[in-house]
Structure formats: structure tokens, C-alpha cells
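Here is the structure we will look at.
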There are 2 protein chains.
Amino acid sequence: MAKRVTLAEVAARAGVSPITVSRALRRPDTVQPETRSRIDAAVADLGYVPDPAARALATGRSDVIGVLIPSATNAVFTDVLSGIYDRLGESRFDVQYGITRYDPSTEENLLGVFLRQRPAGLIVAGIDQTPAARRLLDRAGCPLVQVMETGPDPVDMMVGFSHHDAAAAATRHLIARGYRRPGFLGARMDPRTQRRFAGFRAEAEAAGLYDADRAETTDQPSSVGRGAALLRALLTRRPDTDAVFCNNDDLAMGALFEAMRMGVPVPGALGICGFNDLEMMRAAEPPITSVRTNRFEMGARAAEMIRARLDARDPGPALVDLGAEVQARRSTDGPARHPSAGQ
Amino acid sequence: MAKRVTLAEVAARAGVSPITVSRALRRPDTVQPETRSRIDAAVADLGYVPDPAARALATGRSDVIGVLIPSATNAVFTDVLSGIYDRLGESRFDVQYGITRYDPSTEENLLGVFLRQRPAGLIVAGIDQTPAARRLLDRAGCPLVQVMETGPDPVDMMVGFSHHDAAAAATRHLIARGYRRPGFLGARMDPRTQRRFAGFRAEAEAAGLYDADRAETTDQPSSVGRGAALLRALLTRRPDTDAVFCNNDDLAMGALFEAMRMGVPVPGALGICGFNDLEMMRAAEPPITSVRTNRFEMGARAAEMIRARLDARDPGPALVDLGAEVQARRSTDGPARHPSAGQ
DNA sequence: TCACCTAATGATAGCGCTGTCATCGTAGCC
DNA sequence: GGCTACGATGACAGCGCTATCATTAGGTGA
């Protein structure tokens, strides 16, 4: 166990008082350059590093930035995490994260865990906190960013995009490409998924093409295998379905494989569109259309906004909409012209 | 900002001294049952929660468990994280993680960050720490688990499997299935990848089937697209290659798609084997053979071993080999019998 | 009955740092 | 020259908790 070097020892060596060392470290401009350099030398000689616990106790503030996400394995969240980490990894802040497992009461608990550490900042996924959680957030007393989506009534700051609009855009794309009997595949119907479904539905209805019977969903977690199963179920029930908007890319990938197994040509007999635009969509055969969401950027921006606030810099607008763009690929090139089908 | 309730306030309400409250909370068996229940009631009434910083300062120990992994997006590590979190999420411990980006000097830095918090435990990925990092670990003064692989000379505890042997088993499988010109696809040649390659090579050599020219590798990060590119490069150079052992599942998936694009039948003309056995391998068409590694379990066991040590329970063996099993699927069903090829 | 132990509780003194005020020069000004 | 203003530094106390030793009460054996 490396023995701890204290401020007092550094002070003694530099021939100043401890508080001056503390100041030299935290606000270098408030000490004489000459004194400062003596202190810096002592710090270097002794290999001094401040004790975060002591600092937290004295200031009533920790350097922990808490991140609350539903899942540690879902690529969507890990990309956001990665963005956060990219901007915080080198800083004085420590990232601590909690996994809610999509469970509101777990979220409340974890919020409590974070809050009692008096975090420097908080990043939470989504906008669907329970009233109790919302109350906790309101009194968090630290910069807070809600990520993943935009919505009304932010607690503090917000960076994301409209899942409803993104899904609507994807649906418009399917229709524009000539598909007329679009379906929806969804798993783990969390609030964001619901809003995507709503976007799909709104757009399909606007085109007079909505058919509630073409929505195949489950509360089970999403996976490639689930996507295959959902497509099979949908095509069994409504074999004339000519396109599917999949709630995420795993489902889309599963749908593609299942279509292969069933001998259904993609995109000729079935258009497939995913959501999130994971890297594999581009590499698939055929490449799969998906909606690009800026997940890394979302995390990065959230981290920057928090840092800006903590450094008393301008964090920019409190609500950042990163948008989402349909990446059109071969999987939605449009239905094959059947001599019989006319259209 | 929720105002903090202190030990002293609880003590006053319960009519005891602060230290007794402290004891009642930490070692309930050392206070009179009657006193304890009075204290418990006061804690509940006041909604008291201990201040982790104060505790850390007083004890010289934090409840932070540090986790050091190379990447926050690679499914391999997120699954391990998930396992860790599964066993630590409900405990008094807080997980804090650092991302090394496969960079040894970043790893050293992060180790320093963790160590200065006097963590309760440490989980680090891999066994290839630099000498400097190794020195830090040796004096960490807390339970420590190296995860992801097994090897000689553990710092403390270790849970993983032999990447060399796992790759060798996969290679044996390919050979047993009748493939005779196996190649290797590898990206991001980190130490574990290197050892997998060594396992492939050893086994192929043992069968007299090793050909250095059939190893297609790159230092670039792994991805599905990369797998496609690597396979194309390999088949362009050595068109008679009849199987590939892919360093991970992303590459395998990319190889499958590229084979489709090139019109190469899988498994008849090309056997494909992945590594890690992500969920999507089973759902692919054809389903892809892969090597199942117990990632979640790895994290879970590591967390348990640390907890056991901290609770002075028996942590079990210090070195746990979780093994890895080849999951044979259609993608390696064996080469088609060509009238010409005999064999 | 008394020395002696044990169990339960308390008093005291920090852990390492920083907030707050006090102190001391020195420069600037009338 | 005497005053204020201000910049640089220091003394002191205390953040909320726990390690350590002290104290008290009750029980034990000679």
C-alpha cells in the first residue's frame, strides 16, 4: 500500500502553510508565481495526490459524475457512455454509473446512491422518470443532463432527438420507396420504443396505410433472434406485409436472416428498416437501411455541458436536438414490380 | 438540495452517543438489541444515510470497486461489466470504471486514479499489465481480480479462460469437420487476440495444415465491415482457403456477408467460425459456429470473489478457469464433396 | 467481600482537506 | 505622511465519520 503524502508534508517542504498549497493547486493564479513554483516542485518531489474523500468532506461536493442508464450491454447506451467517457476520462471527474434495468424503482434507488455522494453532475437516460425520481432530480443541486431524447419540461439540460419524428421519417422513407403494407417490429416496449411506434403509426395513418394488425411486438428484451421470431410471426399472420420498420437494428438483422430462411427476397418482397444504424447495418448483405442516431455525440455533448457549467463557462443552449437521419440502403430499395400487382 | 442528516442527529434522537449509532449500523451484534431498535427507528424517522466521503476519510477506505477495461463498447467487456454489476448493484459498493482504450499508459494513469481513492476492490481486464502497472497492482492493498483470461503469475485472484486453448479447440473443430485449408481473420491484435492466433496456429501446425499466408490480420479495431474486408482480401490472395477462424463474432458476421456477396457457399465452400458466441451467431442464416465464452459469469464471479474477501468469507480458489466451448452450428458443417476434389 | 473479567457504551481525537476570517505588506492617492 | 485598498498568506475550525481507549455496570470465583 503506497503511503499517502499529505498536503501538510508538501507545505512543510515548500516552506508555506497547507492552505497555500491547497490554493496553489486549485486556483494557481491566487498565489505568487515564485511561491507556486516552489510548491509545484514539492508536489512533484513527493508525488503528492489529493485525497478525494477529504476534499469531498471539506467541500460538501464530490468529483463524481453519476450516469444512470437502463442497460450496460445495449449498444445504444454503451455508445453514449463512450461519448461521455471520451470527454470526462482525462478530467478530474470520476464517472460512476448505475444500471436501472429499465426499472423505475431501481432508478430511484440509484439516484439516492448518487445523490448522497453529492455528485458534481448527473446524466440520466430518458425523460420518463417517476414523480419521486423527478423530485429527487429537481433538488439534485448539480448540473444535470437528460440524454437519449428531447421532450418538454426538462429538469435542467437535455440532449437527444425526437424518437417520434425519427420513426416517422423512416416510415416516410418506406412509403416513398413504394412499400404499401408496412409493419412494425418492436421488443422491449420502453417509453422510447413506444414513441417510435407512435411516429410510425402517425405517418402510416397519414398515408392511409396503417394497419394495427401489422404491429408485432413483445415486452421481451430485444435480440437478433427475437427479430427473426417477430418477423416470422408477422408474416405468418399477414403474409402480404411488404415492409417492416424495426424498432432497432438487432431486430432488423434478425428479420433479414429470417427473410432469408423463409425465402422472402429483400428488398423485392420485403423492405427492412432498422433503427440506430449500428455499424453492421452497412456491412450486411443486402446493406440494411437504418436511422442514424448520434449516440456517441449525445454522450459527448452531455459531458461537455456539465463541464461547462461546472467551470462556469457558457454551456450553450440547454436543449440540444441532435436529430436523426435515415440512412437509405439496399434493403429498402422498393418492392419488385409484379406483373400481377400492377400498382 | 436535500439537507444532510448526520449521525449526531440520529444519536440525539435515539438518546445515545454518535459512536453507538455508528456501531449499530456497522456491527449490529455489538449493541444491545433494545438500543439497536431505538436507533433503527431514529434512522428511519430521519431518513439518515451515511456520508461515504466522511466514512472514507475516517477509515482510509472507500466503498468503490474499480473496474478497468479496454473498451466500453465491445460486447465482450460490456457483458463482463454486466456480470459485475449484477452482483454489486445491490451492495454497499459503488462501481467505478475506467476505459484504457487498449493503451498501457492510460491503464497506468487510471490505476493511479483508482488507487488514490483507496478502493475496496479492483477488477482489471487481462494479464498484460506493464511492469509499472504491475507494481501498482502489487501494492494495491485490496482484493484484486484479473478477468478475461487465465495465465501464470496472478497478482491476486484471477478468473477467465485460456484463449490459446479455446482457439485451438475451434481449430480442431474445423479440421474435424473436414476443412483442410483453414485461414485466420484477426483485427485489433491485442494480447488476447495474439494468443488466440497462437492457438489456431499450434493446432493447424499439429495437423500439418498451417499456412502463414492464410492469416489475414489488421491492427484496426474489429467490426463487421472489417470482417468482410478481411475475408475478401484473404480469398483474393488465397482463393482455395476453405475455412476461416475469426478472431471474434463481428468478423465472422462480416465474413458471412462477404461470402454471400462473393457467391461463396457457406459452409460448403467456406466454413466460418467465430469467437465469443454473441447471441446473433445463433440467429444468423446459416447459424454461425462460435466459441462460447462465459463473459457474464466471469464478471459475476470476479465480483463475488471480491465481496467474499471483503466480508472475510472464503472466496474459493484464487484462480478460476471458466473454460470455453465450441458451439457447432451449420456454418461449419463441412466442405461439400466435389467430384473433382476427391478427399 | 474483593479483585477481575466481560459486555455495552461513551469521550476524545483525529482522518486530509478547505471555508472563513485575520494578518501583513505594499502600492496608490490626496 | 497617513489613509485606504488590495494582494498574498496564514490560523483556525470543522466537514461527518470512526479508531482507540476509557468508563461503567454487572457477573464470577476465591
Side-chain angles (χ1 to χ4, degrees), chain A residues 1-40 42-43 46-64 92 94 115-120 141, chain B residues 1-40 42-43 46-64 92 94 115-120 141:
Chain A
M1 172 103 81
K3 65 176 167 302
R4 176 163 294 280
V5 179
T6 68
L7 248 196
E9 299 173 61
V10 176
R13 178 161 189 136
V16 295
S17 76
I19 187 65
T20 301
V21 177
S22 173
R23 271 193 284 256
L25 260 27
R26 288 177 302 150
R27 319 226 328 265
D29 54 303
T30 60
V31 304
Q32 203 91 3
E34 182 200 329
T35 314
R36 195 195 319 156
S37 64
R38 226 163 355 117
I39 292 174
D40 288 347
V43 166
L46 266 25
Y48 169 76
V49 285
D51 179 332
R55 178 172 284 179
L57 184 57
T59 58
R61 265 265 151 276
S62 73
D63 279 342
V64 168
R92 68 193 167 94
D94 301 317
L115 254 19
R116 88 187 46 154
Q117 300 193 47
R118 300 167 178 277
Chain B
M1 174 104 80
K3 65 175 166 304
R4 179 162 292 282
V5 179
T6 68
L7 246 198
E9 300 174 58
V10 175
R13 179 164 187 129
V16 296
S17 76
I19 186 66
T20 301
V21 176
S22 173
R23 268 193 286 254
L25 260 28
R26 288 177 302 149
R27 319 225 328 265
D29 54 301
T30 60
V31 304
Q32 203 92 1
E34 181 200 330
T35 313
R36 193 196 317 153
S37 63
R38 224 159 0 115
I39 292 174
D40 288 346
V43 166
L46 266 26
Y48 169 78
V49 284
D51 180 332
R55 178 173 283 179
L57 183 58
T59 59
R61 265 263 153 275
S62 73
D63 279 344
V64 168
R92 67 192 170 95
D94 302 316
L115 254 19
R116 90 187 44 155
Q117 301 193 48
R118 302 167 177 277

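Below, chains carry the letters A, B, ... as their sequence lines are ordered, and counting in each starts from 1.
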Atom pairs and distances, side-chain donor-acceptor, residues 46-55 of chain A, under 3.5 Å, sequence neighbours left out:
{"unit_1": "A:D51", "atom_1": "OD1", "unit_2": "A:A53", "atom_2": "N", "d": "2.7"}
{"unit_1": "A:D51", "atom_1": "OD1", "unit_2": "A:A54", "atom_2": "N", "d": "3.2"}

Problem - Sub-4.5 Å side-chain heavy-atom contact between A:D94 and B:Q117 - result: yes
Problem - Counterpart residues, side chain to side chain donor-acceptor pair (under 3.5 Å), relative to A:T20 (two or more places apart) - result: A:S17
Exercise for the section: Please report the shortest heavy-atom distance between B:A42 and B:A14, naming the atom on each side. Expected result: CB-CB, 4.1 Å
Fill in the blank from the handout: So salt bridge (Lys or Arg N to Asp or Glu O under 4.0 Å) across residues 12-28 of chain A, not counting sequence neighbours, yields A:R13-A:D45
Handout entry: Partners passing side chain to side chain donor-acceptor pair (under 3.5 Å) against A:E9 (at least two apart in sequence or in another chain)
Key = A:T6
Problem - Reading 5' to 3' through nucleotides 11-24 of chain C, protein heavy-atom contacts under 4.0 Å coded B for base, S for sugar-phosphate only, - for none - result: B---BBBBB-----
Completion exercise
Footprint ends on DNA chain D, 5' to 3', for atoms under 4.0 angstrom from a heavy atom of chain A, come out as D:dA8 to D:dG16
Practice task
Determine yes or no for a side-chain-to-main-chain donor-acceptor pair under 3.5 angstrom, with B:R36 supplying the side chain and B:A24 the backbone.
Solution key: no
